[in-house]
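We count residues from 1, following the sequence as given.
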Amino acid sequence: MPNAVTAVSAGLAAGPAVSRLPITSDAADRALAAFRISCPSLVRRTDPTGLTRGADWKPACDAAARGGDARDFFARWFETVQVGDGKAFATGYYIPEIAGSRSHRPGYAPIYGRPSDLVDVDLGAFSEALKGKKIRGRVEGSNFVPYYDRTMIEEGALTGKARILGYAVDPVELFFLQVQGSGLVRMPDGEILRIGYETQNGRDYTGIGKLMLDRGLIGRGQASMQGIVAWLHANPEQGREIMRENKSYVFFRVLDGPPLGAMGLPVSDQATVAADTRFVPLGAPVFLSMDRTDATGLWVAQDTGGAIKGTNRFDTFWGAGAEARAIAGGMSARGTAFLLVPVGTLARLGVARP
């Protein structure tokens, strides 16, 4: 359903028994460890998908804390449901490392923290019809207006309004670090600054890869992140204008520990997946059966992303390093998704088993 706003409104169908899914022991172990991390938040969260309630997860979370065989755990405590037609599309993300500096030099790009004048508005506080909807902007006189877009920010709109955490040597690398949502900034003396997503300017995300394909600037064989970066470096002036067509801009915070996902909890290499919380309960396991074996398997929805919108849209997390960058940058997989929900969910929702 193209106008669906939640998993329930998109339509539900019972999936196969978890025991019939080709889940490897390694994937199950990674997913169980990630699920344990999610549990304290999962049992307290309000689920906007319409699928579950916080208390529904407690038996599985209690069992997860006791340990045991991971595949048996998922087979015993979960059942599967397909949202909409189940047709899934998955990309990949990773923790990039970029060259940085504590001081500014010509051509360097500032890495901003949250601006002091950025305001979050919960529209549900004003109308029941807008419950669950939020916007971001700023106050200008007596009006609430959209926040500065990427072009305005790059031209100095944040002067005196946002802390600068450091500077990126390469603005292109900073652009993709914003897409990834967290990363490492290596200073000239070898010091590492770990930064993570703090918030965003409220503007819609635009994927520049599609723009470049549609305009014939790159071919399909160049549409990976690596191919796009190479083109932007080779065409700096035109590349800057294309990057500015993505009006979304991410603000960061300094992290003391591992990268955190949208739950405020650590994300897990080869186990965490980002999803749209309207269609996937944040913290829920997801099985992806894809046309790429590296994307196929059991994941846990622990994160979100500006480009990750709609039913069965996922972004797989691969950690840090050159191998993670290579896999994530070239990830484009299609297949079928099944959500794992607590046993009894389908009966409560009136979804008939096959």
Checking R325 side chain against Q226 main chain: does a donor-acceptor pair fall under 3.5 Å?
no
Test side-chain contact (heavy atoms from CB on, under 4.5 Å) on N201 and F251 and set out the steps.
CA-CA 8 Å; N201 64 344; F251 305 110; 4.0 Å; yes
Of all heavy-atom pairs linking P48 and T277, the shortest is CG-O, 3.3 Å
Applying side-chain contact (heavy atoms from CB on, under 4.5 Å), run through W318 and D294 and close with a yes or a no.
CA-CA 10 Å; W318 295 92; D294 44 8; 3.9 Å; yes
Going through the distances and angles, do L32 and F73 end up as a side-chain contact (heavy atoms from CB on, under 4.5 Å)?
CA-CA 8 Å; L32 178 54; F73 164 78; 3.6 Å; yes
Would you sort out whether Y249 and R150 count as a side chain to side chain donor-acceptor pair (under 3.5 Å), showing the intermediate values?
CA-CA 6 Å; Y249 199 94; R150 179 174 295 275; 5.4 Å; no
About how many Å separate CG of L12 and CD of Q82, when rounded to the nearest 0.5 Å?
9.5 Å
Near R114 CZ, under 6.0 Å, is it more than 12 heavy atoms from other residues, nucleotides or ligands?
yes
Could you tell me if the side chain of V300 sits less than 4.5 Å from the side chain of V273, heavy atoms only?
no
Whether the side chain of E97 engages the backbone of G321 through a donor-acceptor N/O pair (distance < 3.5 Å, no angle test) should be reported.
no
Are F287 and L340 side-chain neighbours, meaning at least one heavy-atom pair lies under 4.5 Å?
yes
Classify the side-chain pair R30/S268 by whether it contains a donor and acceptor separated by less than 3.5 Å.
no
Single-linkage hydrophobic cluster L298~M290, side-chain heavy atoms < 4.5 angstrom
no
Between S116 and R163, is there a side-chain donor-acceptor contact under 3.5 Å, judged purely by atom types and distance?
no
Could you give the distance from CG (D29) to CD1 (I23), rounded to the nearest 0.5 Å?
11.5 Å
Check: D276 side chain, G310 main-chain N or O, donor-acceptor pair, under 3.5 Å
yes
Correct closest heavy-atom pair for G209 and I218 would be O-CD1, 4.2 Å
Hydrogens and angles aside, do Y94 and D269 bring a side-chain donor and acceptor to less than 3.5 Å of each other?
no
Do R348 and D56 pass the salt bridge (charged side-chain N to carboxylate O under 4.0 Å, His left out) test, and can you show the C-alpha distance, the side-chain angles, and the key distance before you say yes or no?
CA-CA 11 Å; R348 179 173 56 79; D56 296 341; 3.1 Å; yes
Salt bridge R76-D72, side-chain N to carboxylate O under 4.0 Å:
no
Do any N or O atoms from the side chain of T316 and from the backbone of T91 form a donor-acceptor pair under 3.5 angstrom?
yes
When you check the side-chain N and O atoms of D303 and T272, is any donor under 3.5 Å from an acceptor?
no
Note, L177 side chain near E173 side chain (heavy atom, < 4.5 Å)
no
For H104, check ring-ring contact (aromatic ring centres under 6.0 Å, His included) against everything at least two apart and list the hits.
Y167
With side chains defined as the heavy atoms from C-beta onward, is the minimum distance between D291 and R334 less than 4.5 Å?
yes
Between Q178 and F252, does a side-chain contact (heavy atoms from CB on, under 4.5 Å) hold up when you go through it step by step?
CA-CA 9 Å; Q178 290 188 333; F252 294 99; 3.8 Å; yes
Say whether, by atom type as modelled, one donor and one acceptor occur between the side chain of Q180 and the main chain of S182 under 3.5 angstrom.
no
Can you find a heavy atom in the side chain of T336 that is under 4.5 Å from one in the side chain of K87?
no
From W57 CH2 over to R44 CZ, what is the distance, rounded to the nearest 0.5 angstrom?
15.0 Å
Would you say the side chain of I308 lies within less than 4.5 Å of the side chain of F314, judging by non-hydrogen atoms?
no
Do L260 and P266 have side chains that approach each other closer than 4.5 Å (heavy atoms only, starting at C-beta)?
yes
Has F126 got more than 12 heavy atoms of other residues, nucleotides or ligands less than 6.0 Å from its CZ?
no
Would you confirm whether D122, through its side chain, and K134, through its main-chain N or O, come within 3.5 Å as a donor-acceptor pair?
no
Identify the heavy atoms of L346 and A14 that sit nearest to each other, and give their distance.
CD1-CB, 3.8 Å
Candidates Y197, F317, F176 - the one meeting ring-ring contact (aromatic ring centres under 6.0 Å, His included) with Y93:
F317
Do N246 and S248 meet the criterion of a side-chain donor-acceptor pair at a distance under 3.5 Å?
no
In terms of hydrophobic clustering (I, L, V, M, F, W, Y; side-chain heavy atoms under 4.5 Å; direct or indirect links), are Y205 and I135 co-clustered?
no
Looking only at heavy atoms, what is the nearest atom pair of L282 and L42, with distance?
O-CD1, 3.3 Å
Side-chain donor or acceptor of Q222 paired with backbone N/O of G219 under 3.5 Å:
yes
For atom CG of D120, decide whether the heavy atoms of other residues, nucleotides or ligands shown that lie under 6.0 angstrom number more than 12.
yes
Minimum-distance pair of heavy atoms, taken over all atoms of Q302 and S38
NE2-OG, 3.0 Å
Does V351 belong to the same Ile/Leu/Val/Met/Phe/Trp/Tyr cluster as L21, with side-chain heavy atoms less than 4.5 Å apart forming each link?
no
Any idea how F78 and F35 line up, ring-wise: parallel (<30°), tilted (30 to 60°), or perpendicular (>60°)?
perpendicular
For the pair T80 (side chain) and P16 (backbone), establish whether a donor and an acceptor sit closer than 3.5 Å, ignoring hydrogens and angles.
yes
Donor-acceptor contact below 3.5 Å, side chain N143 vs main chain V145
no
Above 12 or not: heavy atoms from other molecules or residues under 6.0 Å from CD of E245?
yes
Do L165 and I195 have side chains that get closer than 4.5 Å, going by heavy atoms?
yes
Can you list the steps and then say if R71 with T24 is a side chain to side chain donor-acceptor pair (under 3.5 Å)?
CA-CA 8 Å; R71 285 195 299 180; T24 66; over 6 Å; no
Keeping T296 on the side-chain end and S289 on the backbone end, is there a donor-acceptor pair under 3.5 Å?
no
Under the salt bridge (Lys or Arg N to Asp or Glu O under 4.0 Å) test, which residues partner D62, sequence neighbours left out?
K58
Heavy-atom closest pair (A301 atom, P281 atom, distance to 0.1 Å) is CB-O, 4.0 Å
